Amino acid sequence: MEAEAPTHSERSEDTTPSTSSTSGQGEDRPKTKKASLKRTTSKPTNAKAKKRKKARVSRPVPLGYTVHQGEDMLLVISSSTSQYHGSAWTPPKKGSKKKKLTKGKGKASQIKKKTTVRPKPKVANNPVVKEKEDTNLFVPQKTTDHRWGQSLPEEVLVSIFQMVVVQDGAVPFLCRVGRVCRLWNAAASSPVLWRKVTVGHCWIAPGKTQLPKTEMKIKETFDWMAQNRFSQLRNFSLSHWKKNVTYAVEVVSQFCPHLRSLKISYCTGLAATAFHSLGLHSQSLQGIDLQYSEFQVEGLLEYLENHGSQIKQILFTHGIKNDRLLSAITKGSCPDLELLEVNTKLDSKDCELPVFIHALQMACPKLKTFRMLNVRPLHKTMRNSADSTLGFPLLEELCIATTSYSYMTDKDLWDILFGSTRLRVLDLRGCSRITPSGLSSLPCLELECLFWGQYFCSNVGLSSPKKELHMVTQKWSRTLQQLDIANQLFSEEDLEIAMSHLAQASEADTLHSLNLSGTRITPPALRPVIGQTTALSYLNLSSCRYLPRGIKRIYRGQEDIRQLLDKL
């Protein structure tokens with residue numbers, strides 16, 4: 001055993017110098033030693049390579065920055081994010097294609113890959129600890145940026161949706177937003193957002209016929225919306241429907257107990273059963289708007305006879321059959337009526353409507369707004385009715401505007417407004433027979449808006465020149481906010497005196513809009529108004545022949561009007 005120990009040591013000593021010396025030994029023996037050496041040396045090299053691969057995997061690749069040492073021992077942090085970050089493909093460097101074409105061998109490409117990959121762990125060896133510490137600061141921001149809509153509270157989403165609903169309406173915005181995620185669906189289904197709904201061309205374009213499948217889909221969708229979304233519906237509007245109008249009104253009346261306003265515009269086929277359903281279920285209904293729609297007048301008349309006491313607003317279009325509604329109102333079917341509007345289409349020829357003003361004043365003493373748009377009222381009086389009426393004591397707005405010629409006189413206007421002391425808005429566009437003396441005799445003392453422009457057709461003869469415009473501006477100089485006397489034939493002297501009254505009431509500073517288009521206004525008459533009314537933001541001087549060139553246009557904004565003052 002003692003002899004064998006040194007032999008083992010001798011073998012170990014003989015193997016070490018064999019790598020450096022090759023002389024004085026046989027051929028077979030050194031080959032076996034070299035082979036054994038290769039086996040022993042190959043194992044540690046593979047182990048080192050595996051360790052390097054593990055280090056590459058553990059390296060924080062998804063970070064958006066790199067840290068390297070710059071001048072004066074400073075650590076430089078630079079951003080490495082780009083549009084290709086995190087993708088499988090990275091953009092090639094400049095000149096890489098040319099090098100690959102010149103050197104087509106695989107070994108050279110492998111060497112390049114090793115040289116480009118090996119220095120990265122060397123750069124990141126020193127700040128590895130810092131990068132691991134900073135990863136918690138950047139990763140949560142990326143996740144929250146992509147999912148900010150799912151982390152908002154539901155109340156915040158509801159308030160955001162409310163702003164859009166006020167501007168664009170509930171449909172189809174809420175229907176599309178509810179398909180984003182569960183949180184948005186819960187916010188979009190809030191009953192607060194569905195209080196005012198307008199349904200238009202949601203399924204079919206106007207003028208096209210509906211297929212049976214499309215009609216069934218419309219009914220099923222409308223049923224689902226009424227049962228799941230319209231629990232707090234207040235105002236409902238339906239426009240441009242040619243079919244299923246009666247079905248939609250019946251469904252809304254059954255599932256919407258809080259319905260207050262119903263608007264049907266440009267629709268056809270509204271039957272009497274719809275009004276019967278409104279009478280049974282809609283006990284809170286107060287407003288009905290049927291302008292530019294075809295409906296059964298008998299059904300509406302029956303509804304007004306039974307439930308007219310709860311109606312406060314009625315709007316309809318002038319027609320041969322629809323005029324029966326006005327006679328029913330004058331008979332007292334709607335005693336609490338506050339708004340009455342009758343209009344007609346612009347292309348209609350027959351626009352005369354007989355109106356019993358005294359009967360309407362007795363039937364609707366609470367009327368606040370009375371509008372007759374593009375309709376020429378034929379004033380008729382009833383015997384023994386003038387002494388028993390008080391007029392419209394609560395009337396705040398009277399609109400008898402028309403694009404054609406109107407036959408209304410000062411006496412007709414006085415019969416309507418002799419008891420209206422609270423009048424705020426007076427629209428007499430097209431009423432060329434009204435005189436300034438007739439306006440100044442009205443009992444209202446706080447008129448805010450006076451629209452008295454003439455916009456009738458050119459084939460109708462113009463009225464004679466008028467005088468005494470200063471009586472109008474002197475009476476309401478402190479309260480007028482909007483004044484429209486376009487195309488009125490007043491003389492230059494009358495306009496100058498009238499504008500002086502508006503300028504003297506500059507302490508109130510209430511005049512915002514002034515329309516003098518087509519008048520004989522002169523620069524001396526404009527200077528005091530523009531110089532002293534600081535709140536004036538709209539001034540129309542188009543087609544004013546007595547003004548110099550370059551000034552006859554529309555001015556919007558106070559700065560634009562101030563520049564006009566410098567030119568004058």
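As the structure is a computational prediction, the values presented were derived from the model and not from experiment.
Rounding to the nearest 0.5 angstrom, the gap separating the CH2 atom in Trp476 from the CG atom in Leu445 is 9.0 Å. With rounding to the nearest 0.5 Å, the separation of OG in Ser437 from CD in Glu468 is 6.5 Å. Note that CZ of Arg371 and CD1 of Ile400 are 13.0 Å apart. Values are rounded to the nearest 0.5 Å. With values rounded to the nearest 0.5 angstrom, Ile288 atom CD1 is found 14.5 Å from Lys263 atom NZ. A distance of 11.0 Å separates CG in Leu360 from NE2 in His358, rounded to the nearest 0.5 Å. Atom CG of Leu502 is separated from atom NE2 of His470 by 12.5 Å, given to the nearest 0.5 angstrom.
A salt bridge links Arg424 with Glu446: the distance from a Lys NZ or Arg NE/NH1/NH2 to an Asp or Glu carboxylate oxygen falls below 4.0 Å. Looking at Lys411 and Asp415, a side-chain N of the basic residue comes within less than 4.0 Å of a carboxylate O on the acidic one, giving a salt bridge. A salt bridge is absent between Lys242 and Glu294; no separation between the charged side-chain nitrogens and carboxylate oxygens falls under 4.0 Å.
The minimum heavy-atom distance linking Lys467 with Asp494 is given by the pair CA-OD2, 3.3 Å. A pairwise comparison of heavy atoms in Ser284 and Pro257 identifies OG-O, 3.7 Å as the closest pair. Annotation for Ala186 and Ser189: closest pair O-OG, 2.9 Å, computed over non-hydrogen atoms. Residues Pro335 and Gly308 share a closest heavy-atom pair of CD-O, 4.2 Å. Considering every non-hydrogen atom in both Leu480 and Cys449, the closest pair reads CD2-N, 4.4 Å. When every heavy atom of Ser282 is checked against every heavy atom of Leu259, the shortest pair comes out as OG-CD2, 4.1 Å.
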Pair Trp414, Thr409 - check side chain to side chain contact (heavy atoms under 4.5 Å, CB included), show working. CA-CA 9 Å; Trp414 173 259; Thr409 60; over 6 Å; no

Verdict with supporting geometry, Glu298 and Arg324, salt bridge (Lys or Arg N to Asp or Glu O under 4.0 Å): CA-CA 9 Å; Glu298 292 77 8; Arg324 298 167 56 187; 3.4 Å; yes

Please assess Leu398 against Ser420 for the test side chain to side chain contact (heavy atoms under 4.5 Å, CB included), listing each intermediate value before the final yes or no. CA-CA 10 Å; Leu398 176 64; Ser420 304; over 6 Å; no

Give the intermediate values and the outcome of side chain to side chain contact (heavy atoms under 4.5 Å, CB included) for residues Leu304 and Leu325. CA-CA 9 Å; Leu304 293 179; Leu325 294 174; 4.2 Å; yes

Show, in sequence, the C-alpha distance, side-chain angles and deciding distance for Val197 and Val252, and conclude whether the side chain to side chain contact (heavy atoms under 4.5 Å, CB included) test is met. CA-CA 11 Å; Val197 176; Val252 169; over 6 Å; no

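Side-chain atoms of Ser543 and Ser517 form no donor-acceptor pair, as typed in the model, at a separation below 3.5 Å. For the residue pair Tyr292 and Asn343, a side-chain donor N or O sits within less than 3.5 Å of a side-chain acceptor on the partner. Asn374 and Thr403 form a side-chain donor-acceptor contact under 3.5 Å, judged by distance and modelled atom types alone. Thr273 and Glu250 are linked by a side-chain donor-acceptor pair at a separation below 3.5 angstrom, with hydrogens and angles left out of the test. Checking Arg195 against Gln232 by side-chain atom types alone, a donor-acceptor pair falls below 3.5 Å.
Under a cut-off of 6.0 angstrom, the local environment of NZ in Lys196 is sparse, with at most 12 non-hydrogen atoms contributed by other residues, nucleotides or ligands. His276 NE2: 12 or fewer foreign heavy atoms inside a 6.0 Å radius. Within a 6.0 Å radius of NZ in Lys312, no more than 12 heavy atoms belonging to other residues, nucleotides or ligands are found. At most 12 non-hydrogen atoms from other residues, nucleotides or ligands lie less than 6.0 angstrom from NZ of Lys366. Other residues, nucleotides and ligands place more than 12 heavy atoms under 6.0 Å from the CZ atom of Arg234. Within 6.0 Å of CD on Glu396 lie more than 12 heavy atoms contributed by other residues, nucleotides or ligands. For OH of Tyr266, the number of neighbouring non-hydrogen atoms (other residues, nucleotides, ligands) closer than 6.0 Å is 12 at most.
The closest donor-acceptor contact from the side chain of Trp194 to the backbone of Asn228 lies at 3.5 Å or more, if one exists at all. Between the side chain of Lys475 and the backbone N or O of Leu442, at least one donor-acceptor pair lies under 3.5 Å. Between the side chain of Gln488 and the backbone N or O of Thr519, no donor-acceptor pair lies under 3.5 Å. No donor-acceptor distance shorter than 3.5 angstrom exists from the side chain of Ser190 to the backbone of Ala187, with no hydrogens or angles considered. Judged purely by atom type and a 3.5 angstrom limit, Thr221 has no side-chain atom pairing as donor or acceptor with the backbone of Ile218. Side-chain atoms of Ser293 come within 3.5 Å of backbone N or O of Ile264 as a donor-acceptor pair. A distance-only check finds a donor-acceptor pair linking the side chain of Thr246 to the backbone of Ala271 [under 3.5 Å]. Although no hydrogens or angles enter the test, the distance criterion places no donor-acceptor pair under 3.5 Å between the side chain of Gln291 and the main chain of Leu315. Looking at Asp336, its side chain never comes within 3.5 Å of a backbone N or O of Glu338 through a donor-acceptor pair. A donor-acceptor contact shorter than 3.5 Å is absent between the side chain of His307 and the backbone of Glu305.
In this structure, Arg422 and Leu394 have side chains that are in contact, with non-hydrogen atoms separated by less than 4.5 Å. Under the 4.5 Å side-chain criterion, counting only non-hydrogen atoms from C-beta, Leu290 is in contact with Leu270. Side-chain contact between Leu439 and Leu413 is present, with heavy atoms from C-beta onward closer than 4.5 Å. Counting only heavy atoms from C-beta outward, the side chains of Leu285 and Gln310 approach each other to under 4.5 Å. Between Val199 and Trp241, some side-chain heavy-atom pair lies under the 4.5 Å cut-off. Using a 4.5 Å heavy-atom threshold, the side chains of Gln361 and Phe418 count as touching. Contact annotation: the side chain of Ile561 never approaches that of Ser537 to less than 4.5 Å [non-hydrogen atoms, C-beta and beyond]. You'll find the side chain of Arg229 reaches within 4.5 Å of the side chain of Trp224, heavy atoms only.
Ring geometry, Phe392 versus Phe370: the interplanar angle falls from 30° to 60°, so the pair is classed tilted. Ring geometry for Phe275 versus Tyr303: interplanar angle of 30 to 60°, hence tilted.
The only option from Leu514, Asn515, Leu516 that meets the side-chain contact (heavy atoms from CB on, under 4.5 Å) definition with Asn540 turns out to be Asn515.
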